[in-house]
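Notes follow the structure.
A, B, ... follow the sequence lines: proteins, then strands. Residue 1 opens every chain. The shown structure was predicted, so the numbers you read here are calculated from the model rather than taken from an experiment. Scope of the values below: all heavy atoms of this structure, side chains included, with no hydrogens, waters or symmetry mates.
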4 protein chains.
Amino acid sequence: MRSVLDRQLHPAESTQTGIASRQAVLAAAQQLIQEQGYAGLSMRELARRSGLAKATIYHHFQDKRDVLLSVFEHDIRTVAERIAEAAATPGSHAQRLRAVIAAYFAIQVERRMVILNAIRETVGLEDQIWAIIRAHRDDLLRPIMSILQDAIAAGVARPVNVELAVMALFGMIHSFVTHRLLIDGNDFTAEMEEFVLEMFLHALHIPADRSAHATPAPVAPLHTTDTE
Amino acid sequence: MRSVLDRQLHPAESTQTGIASRQAVLAAAQQLIQEQGYAGLSMRELARRSGLAKATIYHHFQDKRDVLLSVFEHDIRTVAERIAEAAATPGSHAQRLRAVIAAYFAIQVERRMVILNAIRETVGLEDQIWAIIRAHRDDLLRPIMSILQDAIAAGVARPVNVELAVMALFGMIHSFVTHRLLIDGNDFTAEMEEFVLEMFLHALHIPADRSAHATPAPVAPLHTTDTE
Amino acid sequence: MRSVLDRQLHPAESTQTGIASRQAVLAAAQQLIQEQGYAGLSMRELARRSGLAKATIYHHFQDKRDVLLSVFEHDIRTVAERIAEAAATPGSHAQRLRAVIAAYFAIQVERRMVILNAIRETVGLEDQIWAIIRAHRDDLLRPIMSILQDAIAAGVARPVNVELAVMALFGMIHSFVTHRLLIDGNDFTAEMEEFVLEMFLHALHIPADRSAHATPAPVAPLHTTDTE
Amino acid sequence: MRSVLDRQLHPAESTQTGIASRQAVLAAAQQLIQEQGYAGLSMRELARRSGLAKATIYHHFQDKRDVLLSVFEHDIRTVAERIAEAAATPGSHAQRLRAVIAAYFAIQVERRMVILNAIRETVGLEDQIWAIIRAHRDDLLRPIMSILQDAIAAGVARPVNVELAVMALFGMIHSFVTHRLLIDGNDFTAEMEEFVLEMFLHALHIPADRSAHATPAPVAPLHTTDTE
DNA sequence: GATGAATGAGTGTTCATTCAT
DNA sequence: TATGAATGAACACTCATTCAT
């Protein structure tokens with residue numbers, strides 16, 4: 001009966017099968033949310049997909065909210081990891097930003113869902129979701145903010161509010177991802193990545209570094225347990 | 001029974017009271033969506049708020065989808081009008097962009113809903129919503145694209161894909177609006193508007209024009225019929 | 001959608017079929033409660049018995065609480081009527097008390113449920129049930145209290161707190177009814193009635209009047225609409 | 001797995017902790033029933049309160065029915081003890097009746113539940129509950145019946161069916177307790193006790209004995225194991 | 001144009017109980 | 001003795017929609 005709201009339990013106490021069931025639910029939930037949005041997450045369907053009885057889900061999670069929050073937290077954490085990884089790419093500021101942008105693009109497209117923007121669906125849940133977001137927002141933004149701070153300190157970028165700059169960067173990416181997923185459908189990812197990078201570099205006066213394209217870290221599918 | 005999908009009917013056939021009822025439904029729907037998101041739009045509540053019986057709503061709309069689509073179309077049209085209005089502000093390119101940004105910010109905040117991003121909630125409706133968006137996307141983007149094209153033609157801005165640039169601009173704004181509405185709550189609108197404008201101008205190499213702040217067109221509440 | 005909590009609607013507005021359905025639900029509910037107690041009143045079963053769909057019940061009643069309260073109020077009102085009727089029997093004080101006792105015995109046995117005592121089952125409902133009980137308690141007690149006041153004024157009975165005396169009378173009857181219904185099963189009603197009357201008359205020093213047995217008013221089944 | 005229905009097991013087989021667990025369950029059950037009525041006794045909550053796992057309860061009791069019946073039997077036994085104790089008060093018949101009435105009042109109020117009347121909630125359980133009641137009814141009634149028989153034999157009371165008389169007495173008390181607990185809330189216990197005693201004495205023509213108020217035996221909380 | 005009545009399918013959640021360990 | 005895991009059946013209630021009037 002581990003839950004997002006109940007973290008004091010040590011994770012090793014659960015039996016092997018117990019953990020497996022719990023993760024089966026989370027995996028099914030993640031998949032359902034990707035396919036049908038938050039509103040599409042019905043406990044009935046979740047039970048069907050996870051291969052468990054409805055009542056069994058309630059053995060592992062307090063309620064639907066708890067499932068949702070667990071998925072949400074796991075996801076935001078995974079995204080933060082991916083971004084941090086990409087930001088750690090060696091190379092020039094431009095190269096590192098390119099890697100970050102590519103990674104974030106990849107994650108968003110891969111999941112058909114934009115975490116930060118998808119919040120709006122979850123009206124009655126907002127209070128608890130805020131807490132999770134506030135707790136992880138820094139992890140999400142910090143690696144990129146660091147790059148910008150470095151660049152500014154090095155005199156390579158003009159001085160700006162780096163937090164706002166990163167938010168602006170995320171916004172641009174969201175916009176293109178949404179467009180690609182919902183409107184156009186064609187894959188102009190490479191082109192869009194290039195455009196976003198260029199806009200961002202120009203906005204901050206960072207010189208483009210076209211000598212070599214940084215190879216973005218390969219993006220593993222979410223909810224794989226091997227990286228945890 | 002006029003509906004979005006049923007436009008061949010001539011508009012004069014409805015009685016005075018008929019039109020009034022239809023608009024009462026639309027107004028109630030718009031209000032409900034703002035308050036509770038798309039998922040919060042239940043026919044029961046819609047009936048209660050509009051003062052009509054549930055069955056009566058089905059006289060004016062084919063089904064819930066039809067109500068949703070009607071609201072959606074009306075809204076996107078209103079937003080397009082506001083943007084066009086703001087883009088028509090006389091002044092330098094920078095001033096006009098400032099007006100556009102301010103207007104878009106105002107609309108989004110005013111409604112607690114970001115149209116383009118909110119689409120994701122409406123899985124299953126997407127097909128029909130796409131049609132509406134595709135039909136109106138140009139109206140939304142064109143006025144701002146024009147400004148950029150002018151600026152580029154005048155040698156004031158560097159040459160870029162103007163469509164992508166406008167999408168990037170919208171994305172940045174969405175990002176800040178979301179943050180303000182859901183995470184922070186404090187009103188840093190002025191600061192954020194300034195930041196977005198500055199980022200965008202720098203990204204396009206458009207010289208800032210601080211001689212005078214363009215006064216954005218006053219934003220009327222949506223769903224007022226007087227402007228139609 | 002008339003409900004206990006929603007009395008301002010004028011009763012004539014409902015259609016004939018609407019009223020019929022509402023009463024079918026109330027009748028089924030009354031029957032179920034008799035058979036299985038308050039806890040046995042499931043909406044599922046209520047739908048089955050009343051021949052309506054579950055959702056239809058919610059068209060006529062706000063929720064289960066509303067059904068329960070409606071039945072409860074109707075019942076307590078009916079009991080009050082029966083008692084008032086019996087108390088109006090012409091004859092000596094002893095005769096009238098005998099009539100009242102017989103009537104109350106009959107009602108309780110007929111229904112397998114003792115209203116005033118059965119309250120205890122309805123823990124979470126108590127607040128609203130209290131309101132109904134307080135509103136009707138006087139109607140229940142007053143007719144019998146009148147008999148006692150008359151008897152006291154006439155010097156026939158010793159002076160006592162008549163309200164407490166009537167409560168004591170009800171308590172004795174409940175005790176015997178419970179015993180008969182749940183423990184013994186045999187019908188000693190006549191004997192028990194006689195015993196209760198005798199105890200009560202002695203307790204108040206009212207001389208027994210054995211000249212003629214008052215014929216108790218015939219007890220019609222509850223929930224018949226002809227008396228409303 | 002000792003249970004009410006399974007008495008052939010020799011009591012010494014249980015370990016010390018086993019007995020403790022069993023009684024923890026009974027104590028929690030008793031408390032839950034007091035607070036929420038019979039319907040409020042859920043195995044889940046029972047597990048939580050008793051500090052045991054749900055499955056463990058099934059080691060000590062066959063099923064929920066068994067728990068209920070065990071509590072019920074323990075309670076009725078305790079009540080019988082208290083009454084016998086009070087009836088053994090030395091003094092006149094009136095004094096002993098006063099002691100009995102006070103004791104019974106105290107028990108009922110203390111528990112917010114009237115055993116004999118509360119049965120009605122437990123439809124479907126009735127068959128087994130009857131058995132318990134029949135087995136203990138005599139223990140409950142006999143001490144008071146004895147007082148009356150003494151009084152009649154001594155020519156102090158008029159001759160009546162003493163069993164019915166005691167049932168009538170219990171009924172009066174239940175009525176006042178119910179009223180106090182559910183309707184009025186104020187504590188008129190002393191006044192009500194006096195009234196009941198007076199009614200009963202008059203009903204049986206037992207002379208009141210106001211020389212000294214018998215001090216009722218102090219009422220210990222139920223489910224204490226020290227008195228067993 | 002308007003509505004009360006009605007409904008099947010679905011919502012999330014709790015129930016008492018079983019079983020392998 | 002003890003328990004985590006699991007479950008089918010039930011729970012009260014809401015959904016968007018239809019239809020006769």
Next on the checklist: Base, sugar-phosphate or nothing for D:Leu41? Non-hydrogen atoms, less than 4.0 Å.
Outcome noted: sugar-phosphate
Next on the checklist: Regarding D:Ser42, tell me which of base, sugar-phosphate or nothing describes its non-hydrogen contacts under 4.0 Å with the strands shown.
Outcome noted: sugar-phosphate
In this structure, how many angstroms lie between the [atom2] atom of [N] and the [atom1] atom of [X], rounded?
X: A:Tyr58; N: E:dT13; atom1: OH; atom2: C1'; result: 5 Å
X: A:Arg22; N: F:dG4; atom1: CZ; atom2: P; result: 15 Å
X: A:Lys64; N: E:dT14; atom1: NZ; atom2: P; result: 14 Å
X: B:Asp63; N: F:dA16; atom1: CG; atom2: P; result: 11 Å
X: A:Ile57; N: F:dG8; atom1: CD1; atom2: P; result: 12 Å
X: A:Gln62; N: E:dG12; atom1: CD; atom2: C1'; result: 14 Å
X: B:Met43; N: E:dG10; atom1: CE; atom2: C1'; result: 17 Å
X: D:Leu46; N: E:dC15; atom1: CG; atom2: P; result: 12 Å

At under 4.0 Å, does any side-chain N or O of [X] touch on OP1 or OP2 of [N]?
X: B:Thr56; N: E:dT3; result: yes
X: A:His60; N: F:dA6; result: yes
X: C:His59; N: E:dA6; result: no
X: A:Arg44; N: E:dG12; result: no
X: B:Ser21; N: E:dG1; result: no

Contact between [X] and [Y] at the side-chain level, heavy atoms closer than 4.5 Å - yes or no?
X: A:Ile33; Y: A:Asp75; result: no
X: B:Phe61; Y: B:Leu69; result: no
X: B:Ile133; Y: B:Phe72; result: yes

Checklist entry - Do NZ/NE/NH1/NH2 and the carboxylate oxygens of B:Glu35 and B:Arg49 come within less than 4.0 Å? => result yes
Next on the checklist: Looking at the base of F:dT7, is there any donor atom on it, or on the side chain of A:Lys54, that sits under 3.5 Å from an acceptor on the other one?
Outcome noted: no
Item to check | D:Ala55 or A:Ala55, whichever maps to the more 5' nucleotide of DNA chain E | outcome: A:Ala55
Next on the checklist: Both B:Leu52 and A:Glu45 contact DNA chain E. Taking the nearest nucleotide for each, which residue is further toward the 5' end?
Outcome noted: B:Leu52
Item to check | Distance (rounded to the nearest 0.5 Å) between B:Arg65 CZ and B:Ser70 OG | outcome: 9.5 Å
Checklist entry - Paired with F:dT7: which nucleotide, if any, by Watson-Crick or G-U wobble criteria at under 3.5 Å for both distances? => result E:dA16
Checklist entry - In the structure shown, which nucleotide is the Watson-Crick or G-U wobble counterpart of F:dT21, with both distances under 3.5 Å? => result E:dA2
